[in-house]
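Working notes, beginning with the structure itself.
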There are 2 protein chains.
Amino acid sequence: MSIAARRHRERAQRHDLIVATARDLAEAEGWDAVTTRRLAQLVEYSQPVLYSHFDGKDAIVRAVAIEGFADLAAQLTHARSGADEPGLALRAVCGAYLAFAAERPALYEAMFVLPIDVKFASEETPPDLKAAFGELVGAIKPFDAHPELRTEVVWAALHGLAVLRRGGRIPADAQEARIDLLVSQISEAGSLRA
Amino acid sequence: MSIAARRHRERAQRHDLIVATARDLAEAEGWDAVTTRRLAQLVEYSQPVLYSHFDGKDAIVRAVAIEGFADLAAQLTHARSGADEPGLALRAVCGAYLAFAAERPALYEAMFVLPIDVKFASEETPPDLKAAFGELVGAIKPFDAHPELRTEVVWAALHGLAVLRRGGRIPADAQEARIDLLVSQISEAGSLRA
DNA sequence: ACACGATTTCTAGCAATGCTAGTTATTCGG
DNA sequence: CCGAATAACTAGCATTGCTAGAAATCGTGT
């Protein structure tokens with residue numbers, strides 16, 4: 001079965017190449033520039049090859065998004081573990097989330113803005129996405145005994161800050177101050193409760 | 001100049017008809033269904049007529065959005081004036097915002113998600129948009145002496161709740177509880193400050 | 001070494017999209 | 001009632017996602 005194995009391996013490599021190329025092109029020129037023709041040209045295959053790997057363009061975006069979840073989870077984990085005090089940890093996680101969104105806007109868009117038919121908050125949720133959300137929950141837990149609902153609201157705030165900022169709907173300059181305000185809101189209320 | 005006036009009037013009517021039709025079609029079948037051909041057919045004119053009124057499809061979406069700002073401002077004003085106590089007023093405004101987003105998702109999408117080249121937070125900002133934001137500021141003012149930054153964060157949270165909900169990224173059932181949590185977070189912190 | 005069968009890959013094309021050039025129809029002033 | 005200006009339409013372009021059918025490639029058995 002060696003030759004079949006090799007084929008399988010090559011196919012997997014090409015799969016990854018397509019996903020990585022789509023991500024890079026989107027990051028460089030936006031998702032509008034990611035056309036099947038352009039993508040095919042970049043991976044040096046013809047268009048139909050894309051359709052032998054994915055059900056369509058949506059599936060490619062979805063694959064990019066799912067890979068992104070792992071990246072985000074890693075960033076959040078790293079941020080949280082780098083701070084020992086709960087308030088600082090929460091601040092670090094929120095900062096890391098928005099930094100991720102700002103530095104990799106196309107990837108973020110695939111994950112949280114474009115319609116990608118991925119189950120959120122269910123059993124079928126990709127593990128990396130669960131892990132990323134779990135980091136947020138973990139950062140909020142010290143301030144709330146039942147942190148899930150609060151995490152959803154904080155996540156919504158972070159997401160709002162990310163997309164409104166990117167869309168030019170809120171100014172760029174005070175973003176750090178907004179994070180501080182959001183974090184202080186949680187930690188102060190948490191202190192009360194404690 | 002009567003005949004010119006009549007023509008001008010008819011043109012304005014057709015302008016409004018196009019915008020209203022685009023909005024209704026988007027609300028009924030989503031923005032993907034709003035194609036220039038479909039829209040032209042619905043207003044019973046040929047495609048090029050659309051381009052004599054608007055610079056392109058983007059401009060039509062923009063026109064829909066700008067009309068929407070007035071609606072949203074009215075809803076928020078009504079919600080705020082219906083409550084006498086600041087905490088209830090804030091709750092009412094936040095509830096009204098999310099109700100607007102949930103009940104008119106396509107309109108909301110045009111206003112706050114699609115790229116529409118409208119200046120936010122500047123002198124060129126449409127007055128109705130300023131008014132809508134002003135209602136939010138007004139509802140938060142009792143809890144913060146410098147409410148602008150906090151309003152941006154609250155708005156981001158509301159926007160996040162709206163779009164994550166609509167995208168199926170947070171579950172539908174606990175949305176009211178999320179609003180309560182968000183509002184209590186503001187009003188309790190405000191009481192502290194007072 | 002070579003031809004056959006299966007799999008992979010490509011060329012060519014479809015329908016739909018936003019948008020526009022150039023022609024036809026309409027309308028109004030003299 | 002004619003001619004000029006205005007308005008509206010038909011037809012078409014380039015681009016999009018996607019696919020059918022031909023061509024090429026590859027592994028296998030003799």
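By convention in this document, chain letters (A, B, ...) are assigned in the order of the sequence lines, proteins followed by strands, and residues within each chain are numbered from 1.
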Between atom [atom1] in [X] and atom [atom2] in [N], what is the gap in whole Å?
X     : N      : atom1 : atom2 : value
B/E44 : D/dA8  : CD    : P     : 14 Å
B/L39 : C/dG18 : CG    : P     : 9 Å
B/H8  : C/dC28 : NE2   : P     : 16 Å
B/H53 : C/dC19 : NE2   : P     : 16 Å
A/E10 : D/dC26 : CD    : P     : 10 Å
B/R11 : D/dA7  : CZ    : P     : 7 Å
B/Y45 : C/dT26 : OH    : C1'   : 13 Å
B/W31 : C/dG18 : CH2   : C1'   : 15 Å

Problem - Which residues share a side chain to side chain donor-acceptor pair (under 3.5 Å) with B/T21, sequence neighbours left out - result: none
Practice task
Please state whether the rings of B/F112 and B/F69 are parallel, tilted or perpendicular, taking 30° and 60° as the class boundaries.
Solution key: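 Plane angle between 30° and 60°, so tilted.
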Exercise for the section: Look at the rings of A/F133 and A/W155 and say which category their plane angle falls in: under 30° parallel, 30 to 60° tilted, over 60° perpendicular. Expected result: perpendicular
Handout entry: Contact check, side chains of B/V19 and B/H53, non-hydrogen atoms, under 4.5 Å
Key = no
Practice task
Inspect the contact between A/R91 and A/E176 and indicate whether a charged nitrogen and a carboxylate oxygen are less than 4.0 angstrom apart.
Solution key: yes
Exercise for the section: Would you indicate whether A/K141, at its atom NZ, is surrounded by more than 12 heavy atoms from other residues, nucleotides or ligands within a distance under 6.0 Å? Expected result: no
Practice task
State whether the number of non-hydrogen atoms from other residues, nucleotides or ligands found under 6.0 Å of A/E85 atom CD is greater than 12.
Solution key: yes
Practice task
Could you point out which residue of A/L98, A/V183, A/L158, A/L161 forms a side chain to side chain contact (heavy atoms under 4.5 Å, CB included) with A/R178?
Solution key: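 Testing A/R178 for a side chain to side chain contact (heavy atoms under 4.5 Å, CB included) against A/L98, A/V183, A/L158, A/L161 leaves exactly one candidate, A/L161.
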Could you list, one pair per line, each protein nitrogen or oxygen that sits under 3.5 Å from a nitrogen or oxygen of nucleotides 16-20 of chain D, together with the distance?
residue, atom, partner, partner atom, Å
D/dG17, OP1, A/K57, NZ, 3.1
D/dG17, OP2, A/T36, N, 2.8
D/dG17, OP2, A/T36, OG1, 3.1
D/dG17, N7, A/R37, NH1, 3.0
D/dG17, O6, A/R37, NH2, 3.0
D/dC18, OP2, A/Y51, OH, 3.0
D/dC18, OP2, A/K57, N, 2.8
D/dC18, O5', A/Y51, OH, 3.3
D/dC18, N4, A/Q47, OE1, 2.9
D/dC18, N4, A/Q47, NE2, 3.1

Completion exercise
Within residues 14-27 of chain A, those residues having any heavy atom closer than 4.0 Å to DNA chain C are A/R14
Problem - Main-chain N/O of A/I116 paired to A/R62 side chain as donor or acceptor, under 3.5 Å - result: yes
